[in-house]
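Side chains included, hydrogens not; waters and symmetry mates left out as well; all remaining heavy atoms used.
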Amino acid sequence: MNNREKLGVSENISDYSLNNTDITSISQLKRMPEVIEELNWPIELQGKGLTDRINKKMFVEFPEGDVLLSYVTTIHELGHLRQNEINPELEAESNKYLKLLAEEKDAWARGWERFSKSNQDIVDILENKFSENFSDGEIKSFKELYLWVERNALKMVEAQAPLFECGKETTEEERFKMLAESLKKVEISKFLEEYKGYRIDEAINIKEAQAAIKNTVEQIISEQ
């Protein structure tokens, strides 16, 4: 029995397919603006979830970093797949900044719902790993870690608001400087330092992650 049968979904609900989904891992940081690179950006915060609605193709990129943090990003990126198609209200927003913010909020919630439904066994494993390594502290579970990263990631999106107000005459260098100043205001450096503290010196299992992503994609294909 395949995953779609386990979930009780029918075939041929859409033209999307697992075979037409690109799943790749990120083994090193992609080139970023210097002001961002200076923050010692962690690889676990790099990922991608995109949909080509014309060609019915989905793309997922997940980080080859420490297991807990890499899964946080992976789960979030899965929330982006087909999100505008399934939730048309996101596309109805004409303000580009508000649209971006709404899409990110939607992806964090949608990603967790999708992943936990199709990979509860992986979620249980991640919860156990968290408990074994972080018995004390304000964050008590992997789910709470996910929500904590979400809150701070949304602050980073909100920090981009001034960039959407810039005129065309603003240079790229000026825009990056503005972004750096905005990130300082939301104490991004403090967050990144605390974030790295949730590494457990265990790399994400790439094959396991790919299988979990495929399980989630099969569910996403069935969504309407």
K.L.:
Between N215 and Q219, is there a side-chain donor-acceptor contact under 3.5 Å, judged purely by atom types and distance?
P.N.:
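Q219 vs N215: no donor-acceptor pair found between side chains.
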
K.L.:
Could you tell me whether K214 and E218 make a salt bridge, using a distance below 4.0 angstrom between a side-chain N and a carboxylate O?
P.N.:
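No.
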
K.L.:
Look at the side-chain heavy atoms of Ile, Leu, Val, Met, Phe, Trp and Tyr, link any pair under 4.5 Å apart, and say whether I75 and F59 land in one connected group.
P.N.:
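No.
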
K.L.:
How many angstroms lie between atom CD of Q83 and atom OG1 of T51, to the nearest 0.5 angstrom?
P.N.:
8.0 Å

K.L.:
Flag the pair E93 and K105 as a salt bridge only when some basic side-chain nitrogen lies within less than 4.0 angstrom of an acidic carboxylate oxygen.
P.N.:
no

K.L.:
Quiz question: by atom type and distance under 3.5 Å, do the side chains of Y16 and E85 form a donor-acceptor pair?
P.N.:
yes

K.L.:
Please say yes or no: joined through hydrophobic side-chain contacts below 4.5 Å, possibly via intermediate residues, are L192 and M156 part of one cluster?
P.N.:
yes

K.L.:
Determine whether more than 12 heavy atoms belonging to other residues, nucleotides or ligands lie under 6.0 Å from atom CD of E127.
P.N.:
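Yes, enclosed.
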
K.L.:
Check step by step if side chain to side chain contact (heavy atoms under 4.5 Å, CB included) holds for N84 and R53.
P.N.:
CA-CA 10 Å; N84 287 280; R53 292 168 65 175; 4.0 Å; yes

K.L.:
Is the Y195-W41 ring centre distance short of 6.0 angstrom?
P.N.:
no

K.L.:
Hey, any chance L90 and I220 share a hydrophobic cluster, counting ILVMFWY side chains that come within less than 4.5 Å of each other, even indirectly?
P.N.:
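Different hydrophobic clusters.
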
K.L.:
If you measure from CZ on R110 to CD on E103, what distance do you get to the nearest 0.5 Å?
P.N.:
11.0 Å

K.L.:
Can you tell me how far apart OG (S70) and CG (L126) are? Round to the nearest 0.5 Å.
P.N.:
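It is 10.5 Å, given to the nearest 0.5 Å.
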
K.L.:
Same cluster or not: are L50 and I213 linked, directly or through other Ile, Leu, Val, Met, Phe, Trp or Tyr residues, by side-chain heavy atoms under 4.5 angstrom apart?
P.N.:
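Different clusters.
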
K.L.:
Under 30°, 30 to 60°, or over 60°: which ring-plane class applies to Y198 and F130, parallel, tilted or perpendicular?
P.N.:
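Judged by the thresholds at 30° and 60°, the geometry between Y198 and F130 is parallel.
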
K.L.:
Which residues satisfy the side-chain contact (heavy atoms from CB on, under 4.5 Å) test with T171, sequence neighbours excluded?
P.N.:
E173, E174

K.L.:
Check the pair W148 / E194 against side chain to side chain contact (heavy atoms under 4.5 Å, CB included), numbers first and verdict last.
P.N.:
CA-CA 11 Å; W148 175 73; E194 294 177 1; 3.5 Å; yes

K.L.:
After noting the C-alpha distance and the side-chain angles of E165 and Y97, does the key distance pass the side chain to side chain contact (heavy atoms under 4.5 Å, CB included) rule?
P.N.:
CA-CA 9 Å; E165 300 169 1; Y97 163 68; over 6 Å; no

K.L.:
Quick one: do E132 and K129 make a salt bridge, cutoff under 4.0 Å?
P.N.:
no

K.L.:
Do R82 and E223 sit within salt-bridge range, that is, some charged N less than 4.0 Å from a carboxylate O?
P.N.:
no

K.L.:
Parallel, tilted or perpendicular: which describes the rings of W108 and Y146, with under 30° parallel and over 60° perpendicular?
P.N.:
perpendicular

K.L.:
Spell out, yes or no, whether L100 and L98 are grouped together once hydrophobic residues are joined by side-chain heavy atoms under 4.5 Å, including indirect joins.
P.N.:
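Yes.
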
K.L.:
Under 3.5 Å, side chain of D66 to main-chain N/O of E44, donor-acceptor pair present?
P.N.:
no

